[in-house]
Amino acid sequence: MKAPVQQARRKVSPGVVGAAVCLLLLVACSQGVGDNRAPEPGDTAVAKINDQTIWASDVKREAVAQGLIGEGEPLDISTDLFHRVLDEVIDQKLLSSEAVKRRLENDPLAKRRVAAARERILGDMLVENVVEQAVNDNAIKALYEEQLKLAKQAQEYHVRQILSATEADADATKKQLSAGASFEALAMERSTDSATRFSGGDLGYLTADAMPTTYAAALKAAQVGQIIGPFKADAGWVILKVEDQRLEKPLSLDEARPQIAKFLTLDQVRDLIEKLRSQSKVKLLIGAAQAGPDTLHEPASAPPEALTPGAPPGPSTAEKLSQPPPPTPPTKAGKTP
């Protein structure tokens, strides 16, 4: 039985009418019509438009381009996501084919946009090729072992907290604790921190560099079982209980692998770009950038000091290709057991 031809009307994705048309125009101009050979070994034909075949790899590539899945991540053809992206690929190819029929590829603007798309695609392929050769198991393992030797094992504190709005409330709580009241029960009853109160104020295991400075200072000479505070923090008045102390445990190779692979990828891209720039004569024909309303600025003040369970340090600038950070030493700081 032949697969049913889809006729239902549906909303066209805005992305289809944008850059994707230009990319597929490039494909339409460069490939012969009616070439039904699988572009990749084991590829699956998932649709046909007239005599043009759409392959599963086409859909996966589009899903990756839209950020719906990661590079190399599987996408089952039976899922709703696959079918949604397949519909968009069909729309793209129909629009691209119609553009060719109308001879839009001969328009000077179309030629410039197709050339720009070609440059992006070739650049991406170069990066993928370089990364594929450099980011392998041996490189990941070597960097892991190097960082493991350099890593310093910091002290981890397993703590609970009770957060109060006023010093008077904190003092009243401390009196109840001194009289033998359960810390966990009082945290659930009196703490104003909604993130931890229902778990008895449990913050998990934290290192000093993953907590506000006031917390780190209070815990500097703490002993297991000790109740500390109240002391003032930005979020209110804090009482802490030290449940345990230990040296932080290093991450295993498998746990550290994604982070190391990301660093190596960014490092390879940065080195490649720097090498290409050094070999070329790049001259800007405009002045330096001026600060304006669209310029990003750091926030004027940091948010109030408040801990959440097992909170790791905030996001870094690792996404910037021009300056990837050194890989974080492989430890489990900020993770709950």
Donor-acceptor contact present, side-chain S199 to main-chain T196, <3.5 Å: yes
Shortest non-hydrogen contact between A233 and Y215, atoms and distance: CB-CE1, 4.2 Å
Under 3.5 Å: donor-acceptor pair, side chain of D43, backbone of A38: no
Sidechain N-carboxylate O distance under 4.0 Å for E145, K149: no
Spatial distance of atom CH2 (W55) from atom NZ (K60) [nearest 0.5 Å]: 13.0 Å
Side-chain donor-acceptor contact under 3.5 Å, D76 with S78: yes
Spacing of R257 atom CZ and D254 atom CG [to the nearest 0.5 Å]: 5.5 Å
Donor-acceptor contact below 3.5 Å, side chain S191 vs main chain D193: yes
Any side-chain heavy-atom pair of L81 and I69 under 4.5 Å: yes
Residues D209 and T207: side-chain donor-acceptor under 3.5 angstrom: yes
Residues, nucleotides or ligands: over 12 heavy atoms within 6.0 Å of E73 CD: yes
Carboxylate-amine/guanidinium contact R270 D267, below 4.0 Å: yes
Inter-residue atom distance L163.CG - L240.CG, 0.5 Å rounding: 10.0 Å
Heavy-atom donor-acceptor pair, H83 side chain to I77 backbone, under 3.5 Å: yes
Criterion salt bridge (charged side-chain N to carboxylate O under 4.0 Å, His left out) on R84 and D87, from CA distance to verdict: CA-CA 5 Å; R84 178 158 54 88; D87 282 339; over 6 Å; no
L148 side, atom CG; L143 side, atom CG - distance, nearest 0.5 Å: 11.0 Å
Side chain proximity check, Q226 to I228, heavy atoms < 4.5 angstrom: yes
Taking every non-hydrogen atom, the tightest pair across A170 and W237: CB-CB, 3.7 Å
Under 3.5 Å: donor-acceptor pair, side chain of R190, backbone of I162: no
CD-NZ distance between E248 and K152, expressed to the nearest 0.5 angstrom: 12.0 Å
Check ion pair K174-D171 (N to O, under 4.0 angstrom): no
Other residues, nucleotides, ligands: >12 heavy atoms within 6.0 Å of K48 NZ: yes
Donor + acceptor pair across side chains of Q92, E88 (<3.5 Å): no
Donor-acceptor pair, side chain of Q52 and main chain of I49, under 3.5 angstrom: no
